[in-house]
Every structure is written in C-alpha cells, then in structure tokens.
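Below, all heavy atoms of this structure are taken into account, side chains as well, without hydrogens, waters or symmetry copies.
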Amino acid sequence: MLWDISPIPYSNISQHEHEQIEFLATLSRTMEFSLYLSNPACIKSGLHGLGHLYHKYPKAGLIVEKFLKNSHNLSGEIISYAQDAKIGCVL
C-alpha cells in the first residue's frame, strides 16, 4: 500500500508546529476522500493511511469514527479494519 512505502506521513516538513499540523490535516483529508469511493481497495487504503497517521495526528481516529457512523452496507472486513485504524493499529 502507498502509505507503507511513502515517507510522507512520517516526514517532518517543517520545524513550525502549525505548518506540520496543517500538512497532516491536508494529508488526512486526502485519505478521508478515499473512504467514500466505491472501490473497497480505495477505502481500505484510506483507512490504512489514517491508521498510520493516527500516532502523529490523533484526529485521524475521529475521521474513521465519522466514516463508520455515516457509512452503510460496509462489509465486516471493512468495519473490522476501520475499528483497528481508528486507534492506529494497522499492519
């Protein structure tokens, strides 16, 4: 998955905390967008990225929580993966 090989979520783009938070917020919005696509692989990729991002940007867990609350007809696999991603437990 992209989020496993990309250094983007783990890089420190700035020494300024505000800029770092804005960067992580923008990155999380990209991942959130993928949660609402129809392809299950895209959804899982977004969940995976948010799970990795959670440790630097805990709001990622809130994004996953919102996704679970607002989405219907999710497979058991996606629900289970989302529950793990919500607390930063992705492999």
Worksheet item: Could you give all pairs that pass the salt bridge (charged side-chain N to carboxylate O under 4.0 Å, His left out) test and reach residues 57-68, with sequence neighbours left out?
Response: Glu32-Lys66
Worksheet entry | Set of side chain to side chain donor-acceptor pair (under 3.5 Å) partners for Thr26, sequence neighbours left out | Arg29
Worksheet item: Heavy-atom distance under 4.5 Å between the side chains of His48 and Met31, does that happen here?
Response: no
Practice prompt. Run through the side-chain heavy atoms of Ile, Leu, Val, Met, Phe, Trp and Tyr, join any pair under 4.5 Å, and report what else lands in Tyr54's cluster.
Written response: none
Discussion item. Treating His55 as the side-chain partner and Gly88 as the backbone partner, does any N or O pair qualify as donor plus acceptor under 3.5 Å?
Written reply: yes
Item to complete: Calculate, to the nearest 0.5 Å, the distance between atoms OG and CG belonging to Ser80 and Leu47 respectively.
Response: 10.5 Å
Worksheet item: Mind checking whether Ile79 and Val64 sit in one hydrophobic cluster, side chains of I, L, V, M, F, W, Y counted as touching below 4.5 Å?
Response: yes
Practice prompt. State which residues pass side-chain contact (heavy atoms from CB on, under 4.5 Å) with Asn39; sequence neighbours excluded, sorted by chain then number.
Written response: Ala41, Cys42
Worksheet entry | Ile87: hydrophobic cluster co-members (side-chain, 4.5 Å) | none
Discussion item. Can you pull out every salt bridge (charged side-chain N to carboxylate O under 4.0 Å, His left out) where at least one residue sits in residues 71-87? Sequence neighbours excluded, please.
Written reply: Lys44-Glu77
Worksheet item: Between Tyr81 and Ile43, is a side chain to side chain contact (heavy atoms under 4.5 Å, CB included) present by the stated rule, with each step listed?
Response: CA-CA 10 Å; Tyr81 201 76; Ile43 295 168; over 6 Å; no
Item to complete: For the pair Ser71 (side chain) and Leu68 (backbone), establish whether a donor and an acceptor sit closer than 3.5 Å, ignoring hydrogens and angles.
Response: no
Discussion item. Please enumerate all residues that pass side-chain contact (heavy atoms from CB on, under 4.5 Å) together with Ser28, with sequence neighbours excluded.
Written reply: Leu50, Leu53, Tyr57, Ile63
Response to the item:
To the nearest 0.5 Å, atom CD1 of Ile78 lies from atom CD of Gln83 at 12.5 Å
Item to complete: Identify, with sequence neighbours excluded, every residue that meets ring pair (Phe, Tyr, Trp, His ring centres under 6.0 Å) alongside Phe67.
Response: Tyr36
Practice prompt. Grab the two heavy atoms, one from Leu35 and one from Gly46, that are nearest each other, plus how far apart they are.
Written response: CD2-C, 3.8 Å
